[in-house]
Each structure stands twice: as C-alpha cells, then as structure tokens.
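Structure first, commentary second.
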Number of protein chains: 2
Amino acid sequence: MADPGWLGACQSLKGVVLDMCGVLYDSGEGGGVAIPGSVEAVRKLKASDLQLRFCTNETQATREKFVAKLQRMGFDISVSEVFSPAPAAVAVLKERGLRPHLLVYDDLLPEFDSVNKTDPNCVVIADAAENFSYHNLNEAFRVLIGLEKPVLFSLGQGRYYKETDGLKLDVGVYMKALEYACDLEAEVIGKPSPMFFQAVLDDMGIRPQEALMIGDDLVNDVGGAQRCGMKGVQVRTGKYRPSDERHPTVTADGTVDNLAQAVDMILKQRGH
Amino acid sequence: MADPGWLGACQSLKGVVLDMCGVLYDSGEGGGVAIPGSVEAVRKLKASDLQLRFCTNETQATREKFVAKLQRMGFDISVSEVFSPAPAAVAVLKERGLRPHLLVYDDLLPEFDSVNKTDPNCVVIADAAENFSYHNLNEAFRVLIGLEKPVLFSLGQGRYYKETDGLKLDVGVYMKALEYACDLEAEVIGKPSPMFFQAVLDDMGIRPQEALMIGDDLVNDVGGAQRCGMKGVQVRTGKYRPSDERHPTVTADGTVDNLAQAVDMILKQRGH
C-alpha cells in the first residue's frame, strides 16, 4: 500500500507540513466538517517529537478567521503555525516597496491593512469569487497596462474548486486571463511556489530532506514540496482522484487513505 | 513611404478585403464616426474593376445592425459583403452537428437563432462585455468540464480594446481563462484564423495572391492575411501604433496613412 521509500525517510524526519482543506476537513456549507480521524492525528503529531506546520492556499478569509473555524471543528491549531499566501504576499510587497491594487475576497482585505495601497504599482489577485466581475477585471487590467513594468502577483494558481452548489473557477484562471491581456508572467505566491515551502522550512529551522508534506493536491502539495527537496505524500481524501496515481509528471512518495493512516504509519516507523 | 513590393502586385490584383473598425470608422459614443476619406475610398473601390469584401471580428451586434450603422455613416455597404465570426461559427456548428452553450453579447444572439442549443455539447464565446460575469464564466466552465471531449470556440482572440470610458478586456482573455481551467485549446473563429480569410477568398472566387488585405491590426489583419498567402497593408489609423513598424514577427507589405491613401495608390498603379 505504501512505498517503503518515504517510510524509510521517517527515521530522519524532523518536521511535518500539512495541507488543510481536503486533509484536515472538507469544505462545504457552514464552513465544512473535519475528516474522520484528522483531529486526533493532529493531536498525535503535536504530542510527538516532530515539528508541525500547516500550509494552505486559502485566501477567502484572514488567517485569524480561518484558524478559528478549524478550532471550532476541534483542531489544536494556532495562527502562528499556519502559512497562507496573503501574509507571504505582504512580506514580498514590503520588501520590494510595492503598493498593490487588490482584487481579492472582501474578507481577506484585513490581511493587507499594513500595506500602502495608494498610487498602486502592482496588482495582487486571489480567489475573489463574486469580486471577479467584468468591472473589477477591467480595473485590475488598466492598472497593469498603465505601468511601465507591470507586476502581477497571484495567490495560488488553482484551476477550479468544488463548492456545495457546483464547481467554481479559481484564481489561476483569472491569472492566465490577465497574463494574456498584458503579455506578462505572474509571480505565484502560495503552493506550489518553492519560495512558499522554503518559508515554512525556514520557520521550522530544518532542511528539506528532514520534512514531509502531506496533501490531497498532487501537483500543488506533493509536486511542489518535492521540487523543494521534501518528501510528498498524498491522501485519498479531498480532491484526490484515482488518476492521480498514474499522473504523467508527478509521483507521490507515498499514497495513504487519509491523514490518520499517514500519522499512524509515521509514528510507528519512528518507534512510538 | 510605401514599399514598392505591394504596389507592384497591384497589377495582378483582383480583390481587396477591408477591415472595418479602425479602417472605415473609429468606434466611440453613439456608434462611432467615419475616418476622413474612407467613405469616398470605398466608393472608388466599388467603381473600380476590383472585387471588394469587408472582414471584421465585430461580435457585439448582428451583421444587419452593424451594417445599418455603417450605412448611416455614409458607407456604400451591404450585409452580403461583410464577413464576421458569428455566421462563420454557425456554419461550423451545423457542419459538425454541435449544439452550443453561448456566452456572447445579447445583441449577437439573433445570429444563432437557427442553431439547436438544447443539451449543449460545446461552448461558444465572443466579446460578451458585461455578460462576462463570474456567474456566467462558471456556467460556461461547467458545461465544458462536464463534456467527455470539451470543445470551445472563441470568436476572435483579441486582448483588449478601447472604448470612450477606457480599455476593456476582449474575448481572447476569457478564452485563455477557460483554456487553462479545462486544459484545452480553443478553436478561434475570425481573424487571424486562415479558415476565416479563406472563406472570404472563396466568396470572391480568387486566389490568395490576387487579394490584398487592408487593416489597422498588424497581427490579426496583416499577419493573418499574409499567413493565408495574401498581401497585407497596414493603415496608420485605428489601433495602429508606431512600434508596429518594427514588430518582431509581422512585417506589413506596406504601411499607409489611411484607407484613402491606400486606395488612391492602388488605383493609380492600375492606371485609373
């Protein structure tokens, strides 16, 4: 069932990085529900000698609101353990002296409170849902095309996701639209950007080969982590599809039924 | 000023194809205004022994409404002389037994009256302006992703255009968005598709080397016509920009100030 390769590496493991939606919980009405066994699996990891971080491309709420939702589901999790694209974007904007025009979900706006947004010299897009209107897209485009050197940041590059009322186009689709309109290449902040994974490793103070990523998204979680030198294990929950196990370019280091199984295997291998 | 190459070819010329917006008229409030000299230039071509057709990527109105607007500006022009993407799309849909889901401008819908649109097995997009809403894009996406073999037609592939109240994203941008979302390549109907130019040549019953395209869009008018074996001349009106004259991949066979100058040069060369 599991490739011994990744389990063998568990001996030298120092940290685990968990994707959130599709690994910890399934999204849906009322914010979603915990995936069976995941609350307990997080508790076990926290009780172990492994470091633990959470890494999400979630951009429809501030980290505070998002973490509060997970806590209500029973997860032992705090804001400082969660890496999401918006704070990473804020750091990049400040470092490069950029003032963003924002096309994001309303609930994400507070993440950018500390950023100067006057006279914008770049555009930041995230999954904006209903805010991806004809008017707002034209507006973001006009900011970009009016710049001598247009800079576009995209918080993630997902194609689509599923909500209870059907499939919805994700931020990557609008990123491609603006890339074509302005003949530029966006800078992606979030998974699968190596810079994003590296920030998580830096926070734990460990090397890539000492870290394991567990996610449901083969390309963005597993492939992204692997390109960074980490091991990547896919769970058969969330957006997992059987065809992922014969993907043309990304092969997970292991595939497990769910987070609970992955954690039990890791801890058993380490002699707990 | 003009490259003698294209003028030399005028001796064997049998037909002229004119782009419309930016060559005949400038769009704007109230439908736009004729470009000085263009009404008279069309009259001169019609009085000559050359065949004349009009070729546009206009998709915000039926050909009937569009031609009526040009007639009000003073142009001697009839519907049967105008080639636009919607009727070409209708022909393709019928030939291939396809039933479209339409994401187009409301005023274009009557062009598709004769097409069966129940239980759609393809998607057709055109410049839909305000109809490019988050809701409508998700809807078009769901039709595509639900098909075993998704087929997307895009009426043109423009990046953006200018209206009196600013730049607007064009259909090509939304085509790229849906291409990325569904991992497919759209079929473009309209300029610069060779099939589209060929239909105009077929209608005149002449060979590509006997035809000259005059347009303001270097890539879609001039480059498209050239790829089809026609000569292509660019006018310095409409969306012409000085940088077009040093474009990395497309070089016009000639560049003239406006349609009036082009027509005078052609007719003089032919001894009129």
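So you know, we letter chains A, B, ... as the sequences are listed, proteins then strands, and number each from 1.
Contacts of B:Ala129 with chain A are made by both backbone and side-chain atoms, with heavy-atom separations under 4.5 Å. Of the two parts of A:Phe132, the backbone and the side chain both hold a non-hydrogen atom closer than 4.5 Å to a non-hydrogen atom of chain B.
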Kindly provide each donor-acceptor pair between chain B and chain A shorter than 3.5 Å, listing atom names and distance.
residue	atom	partner	partner atom	Å
B:Asn138	OD1	A:Leu169	N	2.8
B:Arg142	NE	A:Leu167	O	2.8
B:Arg142	NH2	A:Leu167	O	3.0
B:Gln157	O	A:Tyr180	OH	2.6
B:Arg159	NH1	A:Tyr180	O	2.3
B:Leu167	O	A:Arg142	NE	2.8
B:Leu167	O	A:Arg142	NH2	3.1
B:Leu169	N	A:Asn138	OD1	2.8
B:Tyr180	O	A:Arg159	NH1	2.3
B:Tyr180	OH	A:Gln157	O	2.6

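Comparing A:Val173, A:Leu137, A:Ile145 by heavy-atom pairs within less than 4.5 Å of chain B, the highest count is held by A:Val173.
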